[in-house]
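Indexing begins at 1, ligand by ligand and atom by atom, following the structure's order.
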Amino acid sequence: MAPKKPRCLPSLLLPLLTLLLPQADTRSFVVDRDHDRFLLDGVPFRYVSGSLHYFRVPRVLWADRLFKMRMSGLNTVQFYVPWNYHEPEPGVYNFHGSRDLIAFLNEAAIANLLVILRPGPYICAEWEMGGLPAWLLRKPKIHLRTSDPDFLAAVDSWFKVLLPKIYPWLYHNGGNIISIQVENEYGSYRACDFSYMRHLAGLFRALLGDKILLFTTDGPEGLKCGSLQGLYTTVDFGPGLLSKGEEWSWGTGPSSMMFIFHLCLLSAADNMTKIFARLRKYEPHGPLVNSEYYTGWLDYWGQNHSTRSIPSVTKGLEKMLKLGASVNMYMFHGGTNFGYWNGADEKGRFLPITTSYDYDAPISEAGDPTPKLFALRDVISKFQEIPLGPLPPPSPKMMLGPLTLHLDGDLLDFLNFLCPQGPIHSILPMTFEAVKQDHGFMLYRTFLSYTVSKPTRFWVPNNRVHDRAYVMVDGVFHGVLERNMKHKLFVMGQVGAKLDVLLESMGRLSFGSNSSDFKGLLEPPVLGQTVLTEWLMFPLKVDKLVKWWFPLQLLKKSRPQNPSGPTFYSTTFPILGSSGDTFLYLPGWTKGQVWINGFNLGRYWTKRGPQQTLYVPRPLLYPRGALNKITLLELENAPPQPQIQFLDRPILNSTLHRTYIYSLTADVQSTPEPMELSGH
Ligand SMILES: CCCCNC(=S)N1C[C@H](O)[C@@H](O)[C@@H](O)[C@H]1CO
C-alpha cells in the first residue's frame with residue numbers, strides 16, 4: 001500500500017505527475033561506494049537534514065515547523081520514535097493525535113522533505129528513560145539494551161507493531177523514508193553487546209526488507225562498539241571547534257570523560273578531519289555523514305542555559321558541506337518536554353532536563369526563525385538550491401495578567417480523588433515501578449509509632465530518594481529531601497501522627513545510566529535511629545483529577561496564612577484581545593506542575609532556573625472570551641500573592657540571585673552549608 005499522495009496536489013495533476021515521477025519500482029536511495037556519495041533514484045544526492053521531534057510539538061503545529069525547515073533549505077527531516085510514547089502499557093498502543101506517526105510522515109511529505117527515521121529502541125534525546133518504557137522495569141533485574149531475553153521479547157513485540165506501519169513509507173515503496181537508524185550511540189553504552197545489535201539488525205531486515213539503508217550513529221569514541229557489519233556507519237559531533245572568544249556555555253560544564261574527549265578531539269585546528277579519518281576506519285567508502293551536528297545544547301535544571309554561537313555552528317557546517325558530507329543538524333527545532341516527558345543525565349549527580357527543549361536551535365521553541373536559521377540558510381545556499389520566498393515571520397505573541405490564582409486545597413485534601421482505588425500496603429516502601437506508576441507522583445504514608453517530642457532527623461539511607469520527597473506530618477509541610485543532595489530534615493509529632501512523603505519522579509535517566517533508574521523511596525526512611533516500616537503507597541493520578549476540574553472547584557478553600565507544601569491553585573481567565581503564543585511566568589513560585597485547559601504544560605522550577613517561563617502554544621488557549629482554566633500544583637511554597645503572568649517572550653537563561661544548591665556530595669552525615677550561587 002503506497003502512502004496516499006500529498007493532499008496538496010490537485011487531482012487532475014496526479015496522472016500527469018505520476019508519469020513524470022519515478023515509479024515505486026525505480027525509486028531507490030543507495031550508497032555509491034565507488035564515488036563516496038549517496039544516489040537518489042540513481043542521481044548523486046547529499047542530504048542536508050534537521051532534527052525535529054514530533055513528540056515535542058503539538059500536532060496542529062507540525063506543518064508550520066516542517067514548512068519552515070524546508071524554507072531554510074533542508075531537504076530532509078530526522079526524528080526519533082519514542083517507544084514509551086506509543087506503548088504506554090505492554091500491548092497497548094497509541095498512534096493517535098500528537099502520536100500519529102503516519103500523519104507526521106505525511107506532513108513531511110507535504111513539506112517536500114525526505115525522512116531519516118530513528119526508532120531506537122533506545123533514543124536518548126533527553127527524553128524520559130531514553131524512550132524505553134518504564135514498565136520494562138517491572139522486571140527489576142532486566143538488563144536494558146542487551147540481548148537479555150526479557151528485553152528482546154519486549155523489543156520484538158514493539159517493532160512487530162511499529163515497523164510494518166512504516167514499511168509503506170520506505171522510499172523505494174513510494175514513501176519518503178530514505179534511511180533508518182538502528183539503536184542510538186550504542187558505542188557509548190557499557191554493555192557493548194554485539195549479539196543485541198545483530199538481533200536488532202536482523203529484526204529490521206526481516207520486517208523492512210533488504211533495500212532500506214540501515215545505519216548506526218556514534219560519537220567518535222563510540223564507533224568500536226556502536227558500528228556493525230551490514231549497517232552504514234555514521235558519526236556525530238558538534239561545532240566544538242572552540243576558538244578564542246568562542247562563547248559556548250555548557251553551564252557548569254559536563255564532567256564525563258566523553259565530553260572531555262570530544263573537546264580534546266575538537267579543540268585543535270582541523271579536528272573534523274581527524275574525526276572523519278576515524279570514521280573511515282569503519283566506513284572506508286561511501287559518503288561522510290554527521291548524523292547529529294549540534295546547533296545548540298540541552299539545559300538542566302539548576303545549571304546555566306546552554307548556547308552555541310552562530311559562527312561556530314555555521315563554520316562547522318560549511319566545512320562539512322565542502323567535504324561533500326551529508327549532515328543532520330541536531331536540533332533544527334527543539335520544542336518542549338511537555339508533561340513528565342523530560343529525561344535526565346548523571347554527571348556526578350542527578351540532573352533533570354528542563355521543560356524547554358529550545359536547544360538554542362535555529363527555530364525557537366515557539367517556532368520562530370532565529371538569526372542562526374538565516375545564517376545556516378546562507379551556508380546551505382552556497383551548496384544547493386533553496387526554496388525561493390521568505391520565511392514566515394515570528395508568530396504573534398500575547399501578554400496577559402497578572403492573574404491571581406485561588407487556593408483549591410492541599411494535595412492531601414484530594415487523596416480520594418487522586419487515588420480512588422485506595423492505597424497499597426507493604427512493610428517496606430515499594431517503588432513506582434512495583435505499583436505500576438510510571439510518571440509523576442506517589443504518596444507514601446506511615447504513622448508515628450511513638451511520640452517524637454523533639455526535632456528528630458528524618459532521612460533516607462544512601463540518598464535513595466528518587467527523586468524529590470516532600471515531607472508532611474499531619475498535613476504540615478516540613479521540607480524536602482532530594483536525590484544525591486545532602487540536606488537535613490527534622491520532624492516532630494505525636495504518636496499516631498500521619499507521616500506523609502510525596503515522591504516526585506523528575507524523569508528517568510536518558511543517558512549515561514549504568515543501572516535502571518527506579519523511582520520512589522528505594523530504601524525505607526529512618527527517623528532518628530528507627531527504620532520506618534509499615535507503609536501505604538498511594539499512586540496519584542493527578543492529570544485525571546485536573547482534567548475533571550470540578551472537584552477542585554467544589555473544595556475551594558479560604559486561603560490559610562502561608563500555605564506550604566503540595567497545594568493546588570487555579571483560576572479561569574478569558575482572552576478578550578487577539579490571542580497568540582505566550583510564555584507563562586511564575587514569579588515567586590517555587591516548583592511544581594502546570595496544566596492549561598487540562599493539558600499538562602510541564603514542570604516549572606522558578607527557584608532553581610535557568611528556565612523561568614513555560615511556552616504556551618496558542619492552540620492550547622480558547623480565544624474570544626471563552627474561559628481558560630489554569631491549574632498549578634505547587635510542591636513547596638507559593639508567593640504571598642499567588643499571581644502568575646503571561647509574557648510575550650521566553651526567559652530561559654536566568655537563575656534567581658539567591659539560588660541555593662546544596663553541596664553535591666552524597667555524604668548525609670556532615671552538616672551541609674548551603675552554597676549560595678550568585679546567579680545572573
Ligand atoms: C549530556 C548529553 C548526553 C549525551 N547525549 C548526546 S551527546 N546526544 C547524542 C544523542 O544521540 C542525542 O539523542 C542527544 O541526547 C544528544 C544531546 O542532545
Side-chain angles (χ1 to χ4, degrees), residues 49-53 55-56 78-85 116-132 145 181-190 215-223 225-226 233-240 248-263 265-266 275 289-308 313 328-335 337 341-354 356-361 507-514 517:
S49 172
S51 288
L52 182 163
H53 296 161
F55 41 98
R56 288 181 157 127
Q78 176 180 286
F79 55 91
Y80 289 116
V81 179
W83 179 4
N84 55 9
Y85 198 57
I116 299 169
L117 196 76
R118 306 210 285 177
Y122 164 82
I123 65 168
C124 194
E126 289 70 64
W127 189 254
E128 148 80 11
M129 205 160 141
L132 299 178
R145 303 178 72 193
Q181 180 179 291
V182 177
E183 246 281 356
N184 190 79
E185 291 197 321
Y186 192 62
S188 303
Y189 190 57
R190 76 200 185 303
F215 71 98
T216 59
T217 297
D218 282 282
E221 76 294 348
L223 292 167
C225 280
T233 309
T234 79
V235 72
D236 60 24
F237 58 88
W248 177 10
S249 71
W250 251 347
T252 53
S255 58
S256 80
M257 285 313 293
M258 181 162 124
F259 289 93
I260 293 166
F261 180 93
H262 266 293
L263 281 179
L265 209 55
L266 299 176
I275 290 182
V289 176
N290 180 342
S291 290
E292 293 185 21
Y293 179 61
Y294 306 114
T295 59
W297 200 244
L298 50 106
D299 277 349
Y300 303 107
W301 290 113
Q303 307 273 300
N304 293 332
H305 176 54
S306 300
T307 59
R308 285 197 184 166
V313 177
N328 175 74
M329 288 171 268
Y330 188 105
M331 299 299 295
F332 208 82
H333 173 52
N337 294 312
W341 286 116
N342 64 279
D345 289 328
E346 200 151 44
K347 290 186 175 61
R349 69 186 172 94
F350 180 73
L351 289 170
I353 303 294
T354 56
S356 171
Y357 203 64
D358 180 85
Y359 215 85
D360 191 30
R508 285 182 182 79
L509 289 168
S510 43
F511 179 80
S513 57
N514 283 331
D517 190 10

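Between L298 and ligand 1, no pair of N/O atoms sits closer than 3.5 Å. Among the atoms of N184, some N or O lies under 3.5 angstrom from an N or O of ligand 1. Among the atoms of D345, none of the N or O lies under 3.5 angstrom from an N or O of ligand 1. For the pair D236 and ligand 1, the shortest N or O to N or O distance does not fall below 3.5 Å.
Residue contacts with ligand 1: Y80 is included, with a non-hydrogen atom under 4.0 Å away. Heavy-atom distances between F237 and ligand 1 stay at or above 4.0 Å for every pair. Within the 4.0 Å heavy-atom cutoff, T217 does not count among the residues contacting ligand 1.
Of the heavy atoms in W127, none comes closer than 4.0 Å to ligand 1.
The contact set between ligand 1 and Y359, taken as ligand atoms under 4.0 Å from a residue heavy atom, comprises 17 (C), 18 (O). Interface of K347 with ligand 1, defined as ligand atoms under 4.0 Å from a residue heavy atom, comprises 1 (C). Atoms of ligand 1 lying under 4.0 Å from at least one heavy atom of I123, given by number and element, are 13 (O).
Ionic pairing of E126 and R56 is not present here: no N-O contact between side-chain nitrogen and carboxylate oxygen is shorter than 4.0 angstrom.
Checked against side-chain contact (heavy atoms from CB on, under 4.5 Å), A361 has the following partners two or more places apart in sequence or in another chain: T295, M331, Y359. Applying the salt bridge (Lys or Arg N to Asp or Glu O under 4.0 Å) rule to D517 yields the partners R483, K519; only residues at least two apart in sequence or on another chain are considered.
For the pair D345/L298, a side-chain contact is recorded, criterion being any heavy-atom separation below 4.5 Å from C-beta on. Between P121 and R145, every side-chain heavy-atom pair lies at or beyond the 4.5 Å cut-off. Contact annotation: the side chain of Q181 never approaches that of I123 to less than 4.5 Å [non-hydrogen atoms, C-beta and beyond].
Between L132 atom CG and L509 atom CG the span is 12.0 Å, to the nearest 0.5 Å. Taken from CG in D299 to CG in N337, the straight-line distance is 10.5 Å, to the nearest 0.5 Å.
Taking only non-hydrogen atoms, the option from E126, R118, E346, H53 nearest to atom 5 (N) of ligand 1 is E126. The residue among M331, E183, Q181, E185 with a heavy atom at the shortest distance from atom 6 (C) of ligand 1 is E185. Ranked by closest heavy atom to atom 8 (N) of ligand 1, the top entry among F511, Y300, Y122, Y294 is Y294.
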Problem set entry | Worked check of ring pair (Phe, Tyr, Trp, His ring centres under 6.0 Å) between F79 and H333 | CA-CA 11 Å; F79 55 91; H333 173 52; over 10 Å; no
